There are 2 protein chains.
Amino acid sequence: MRKIQNKNPLQLLKAHHKVALVTHVHPDGDAYGSLLGLLHLLKSKVQQVEAFAEEDQRSKFNFLPGFGEIRNVSGLVAGEFDYCIALDCGSAQRAYGIESFLKLGSQITIVNVDHHISNTKFAHVNVVDVESSSTAELVACLSNEMGWELGEDIATCLLTGIVMDTGHYLYENTTDKTHEIVANLLRVGADQGLIRYNLYQNRPVQNVRFMAHLVDHMELLSKGRAVLMSVPDESMRQFGVAYEDLDEMIAYARDIAGVELAVILKELNKTETKVSFRSKCWLDVNELASQLGGGGHQRAAGAVIEDSLQEARKILIPMMETLFAEVTHENGSV
Amino acid sequence: MRKIQNKNPLQLLKAHHKVALVTHVHPDGDAYGSLLGLLHLLKSKVQQVEAFAEEDQRSKFNFLPGFGEIRNVSGLVAGEFDYCIALDCGSAQRAYGIESFLKLGSQITIVNVDHHISNTKFAHVNVVDVESSSTAELVACLSNEMGWELGEDIATCLLTGIVMDTGHYLYENTTDKTHEIVANLLRVGADQGLIRYNLYQNRPVQNVRFMAHLVDHMELLSKGRAVLMSVPDESMRQFGVAYEDLDEMIAYARDIAGVELAVILKELNKTETKVSFRSKCWLDVNELASQLGGGGHQRAAGAVIEDSLQEARKILIPMMETLFAEVTHENGSV
């Protein structure tokens with residue numbers, strides 16, 4: 001097991017402590033997985049532990065053990081907690097309800113457990129391990145270091161965080177240590193079938209139909225090196241598809257043979273268009289997004305264009321064509 | 001590491017031996033992965049080792065290290081080999097060129113390394129481990145038992161076999177031991193990026209368009225519990241899609257929310273229609289296929305109907321509707 005550089009924050013916790021756990025706003029799989037995994041883990045270790053997050057009963061992660069126990073921050077009282085552990089939060093601004101905990105007084109210690117390289121180390125105790133695929137992996141690792149035994153519910157929650165942040169072990173952040181930790185989570189009873197059914201075999205039929213609609217209307221540019229999908233707001237309402245569902249659709253477009261760059265233009269309103277970029281092997285889309293006032297990572301980035309969908313398309317098409325016209329190397333790099 | 005029940009066949013091999021490796025006809029990822037993994041592994045252990053398989057330069061597995069070294073069985077001479085190891089072959093009938101090796105004379109020992117429950121134990125030495133996700137996992141396990149070091153090429157080949165036979169760790173055959181072995185393969189340098197690019201980010205654009213076409217024409221039956229896709233031979237030729245590509249399309253249909261049964265009808269000719277079944281959670285499609293004279297597994301099975309596509313559809317629709325009309329339990333089981 002990897003040794004965490006900083007002090008293991010779980011060592012700070014004593015049996016008489018009262019611990020609040022929070023995660024980031026708009027929680028994703030790793031947010032919920034690490035939050036609920038640590039919730040179950042600490043139940044037998046401290047006097048009181050509670051998980052806090054934005055309310056979202058319709059979340060696709062509502063199958064996770066303990067999902068119904070998640071609280072909101074209204075009604076917090078001073079002295080209710082000694083520690084507040086923020087999970088998967090890159091900054092204090094991202095941490096749900098953190099200001100409510102700070103208001104409880106100076107006796108509360110804020111702990112930051114995260115794996116984002118951009119983490120601002122905003123807490124009293126910061127454990128940021130950028131080599132962990134996910135915060136859930138980091139929690140498993142910290143717990144292993146303590147020699148704590150994991151139960152089935154803990155393992156199911158942590159495994160969910162890992163599979164969601166690694167694209168089911170497909171992204172580059174997946175390491176030998178990730179698989180080692182997963183082996184252990186399965187050994188103690190993580191429910192793979194539950195995760196598979198809820199996250200991979202439960203795609204709404206309207207998403208499937210919308211995907212087909214997007215493919216029927218996609219534009220292949222630069223001899224198939226780039227693909228552009230335009231999404232009027234009306235078509236999303238017509239199919240009943242949510243904004244976050246576009247993520248898997250742009251990934252599907254990127255994974256077409258020969259495609260290096262996939263772009264989705266999403267109409268926000270008549271004067272604003274969201275542009276999302278994904279690249280496969282070599283193109284730095286963070287740089288591309290920066291040119292439009294946005295940003296992100298090398299392989300996934302975005303920006304907002306202050307113009308209509310049609311006008312945004314007219315900006316993007318020549319931009320994409322110029323980009324691939326400059327490609328001279330055989331391997332496709334510029 | 002799991003202890004293999006039977007004697008480890010790698011113990012039989014001595015430095016002066018000449019070893020032929022074969023795999024099954026129509027090789028898939030586990031066939032090629034275990035074949036080439038063991039080829040690289042034995043190069044430093046025995047005097048001579050050669051891999052044999054059907055020629056298919058257009059295979060999507062042609063990125064595997066050593067793919068170009070694969071031989072066909074023409075020109076074999078007596079005494080050329082002491083051992084013939086068949087990998088991933090359920091029966092002698094499935095093993096490519098096995099009769100050519102048997103003709104070489106009685107001094108050749110046939111070894112059978114496989115993970116299929118239906119294995120007929122056809123060889124002189126049989127190592128069949130049905131708990132291995134894949135033959136590649138079994139080869140890694142046998143090699144670990146020997147204390148042999150794995151190199152990068154070996155690891156890349158074996159990892160390919162494992163990911164293809166487990167649906168990238170999504171199928172039920174994925175165990176803690178699978179992940180443990182994968183952790184080790186990554187540690188010694190398996191090239192995840194190469195595998196990701198070639199197998200998951202390289203889908204031909206015509207497959208993507210054909211998928212959209214199938215979705216546009218799919219029939220949802222029994223209140224969305226079943227989905228039927230009909231594929232005229234002409235439409236496959238029109239899109240330029242191969243028969244084996246239908247596998248991912250039926251899986252995509254099965255993974256729609258609420259769907260328990262996905263069926264693809266594929267026109268073979270005017271009087272024969274291939275029917276493929278996939279189920280998600282509880283339906284035994286092996287039984288369903290048996291009613292039509294076919295068979296398979298509980299969650300994946302098939303049959304050939306001696307009739308036209310249109311007539312086959314007329315047989316299937318009432319069959320599917322009856323099936324789900326009988327569902328009375330809340331959890332969907334009959």
Side-chain angles (χ1 to χ4, degrees), chain A residues 60 155 159 163 166-172 174-190 192-193 195-218 220 224 227 251-260 278 280-281, chain B residues 60 155 159 163 166-172 174-190 192-193 195-218 220 224 227 251-260 278 280-281:
Chain A
K60 66 175 172 180
L159 184 57
V163 303
T166 60
H168 213 270
Y169 317 109
L170 209 48
Y171 303 155
E172 286 172 44
T174 312
T175 66
D176 56 329
K177 294 187 189 69
T178 311
H179 282 282
E180 207 176 274
I181 284 166
V182 168
N184 189 45
L185 295 177
L186 292 177
R187 208 143 34 221
V188 299
Q192 279 198 107
I195 295 170
R196 177 175 56 240
Y197 176 77
N198 282 283
L199 300 179
Y200 300 99
Q201 301 197 316
N202 205 23
R203 182 180 290 123
V205 68
Q206 63 268 28
N207 290 29
V208 171
R209 293 199 193 281
F210 190 64
M211 180 87 92
H213 171 82
L214 286 182
V215 168
D216 289 340
H217 294 84
M218 71 185 177
L220 283 172
V227 55
Y252 192 73
R254 178 202 57 208
D255 293 347
I256 295 172
V259 167
E260 173 59 26
R278 295 290 184 279
K280 191 183 285 174
C281 293
Chain B
K60 66 177 173 179
L159 184 56
V163 303
T166 60
H168 212 269
Y169 317 110
L170 209 48
Y171 303 156
E172 284 171 46
T174 312
T175 66
D176 57 328
K177 294 188 191 69
T178 310
H179 283 281
E180 208 175 274
I181 284 167
V182 168
N184 188 45
L185 296 176
L186 293 177
R187 210 146 31 224
V188 298
Q192 280 197 104
I195 295 171
R196 178 175 55 241
Y197 176 77
N198 282 284
L199 300 179
Y200 299 99
Q201 301 197 316
N202 205 25
R203 183 181 288 122
V205 68
Q206 64 267 28
N207 288 30
V208 171
R209 293 198 192 282
F210 189 64
M211 179 87 89
H213 171 82
L214 287 182
V215 168
D216 289 339
H217 294 83
M218 71 185 177
L220 283 172
V227 55
Y252 192 74
R254 177 203 57 208
D255 293 347
I256 294 172
V259 167
E260 173 59 25
R278 296 290 182 279
K280 191 184 283 174
C281 293

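All chains are named by letter (A, B, ...) in the order of the sequence lines, taking the proteins before the strands, and each is independently numbered beginning at 1. Everything quoted here is computed from the prediction, not taken from an experiment.
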Exercise. Applying ring-ring contact (aromatic ring centres under 6.0 Å, His included), name anything that partners A:His213, two or more places apart in sequence or on another chain.
Key: A:Phe210, A:His217, A:Phe239
Practice problem: Counting only heavy atoms closer than 4.5 Å, note whether A:Leu185 contacts chain B via side chain, backbone, both or neither. | Solution: neither
Exercise. Select, from B:Arg254, B:Arg203, B:Lys280, the one with the greatest count of heavy-atom pairs under 4.5 Å involving chain A.
Key: B:Arg203
Quiz item: What part of B:Thr178 gets closer than 4.5 Å to chain A, counting heavy atoms only: side chain, backbone, both or neither?
Solution: neither
Quiz item: Checking A:Glu172 against chain B: side chain, backbone, both or neither under 4.5 Å from a heavy atom?
Solution: both
Self-check item: B:Met211 and A:Val215, any side-chain heavy atoms less than 4.5 Å apart
Solution: no
Practice problem: Sort out for me which of B:Val182, B:Val163, B:Val208, B:Val205 touches chain A most, counting heavy-atom pairs under 4.5 Å. | Solution: B:Val208
Practice problem: Give, as side chain, backbone, both or neither, the part of B:Leu220 having an atom under 4.5 angstrom from any heavy atom of chain A. | Solution: side chain
Exercise. Could you tell me which of B:Tyr252, B:Tyr171, B:Tyr197 has the largest number of non-hydrogen atom pairs under 4.5 Å with chain A?
Key: B:Tyr252
Quiz item: Measuring from A:Asp176:CG to B:Gln192:CD, what's the distance to the nearest 0.5 Å?
Solution: 9.0 Å
Practice problem: Would you mind telling me which of B:Cys281, B:Ala257, B:Gly258 has the largest number of heavy-atom pairs within less than 4.5 Å of chain A? | Solution: B:Ala257
Quiz item: Rounded to the nearest 0.5 Å, how far apart are NE2 of A:His179 and CD of B:Glu180?
Solution: 12.5 Å
Quiz item: Quick one: CG on A:Leu186 to NZ on B:Lys177, what's the gap to the nearest 0.5 Å?
Solution: 10.5 Å
Quiz item: Highest number of heavy-atom pairs under 4.5 Å with chain A: which of B:Ala251, B:Gly224, B:Ala212?
Solution: B:Ala212
Quiz item: Does B:Arg196 use its side chain to pair, donor to acceptor, with the backbone of A:Leu170 at less than 3.5 Å?
Solution: yes
Exercise. Test A:Gln201 against B:Asp255 for side chain to side chain contact (heavy atoms under 4.5 Å, CB included), laying out the working first.
Key: CA-CA 4 Å; A:Gln201 301 197 316; B:Asp255 293 347; 3.3 Å; yes
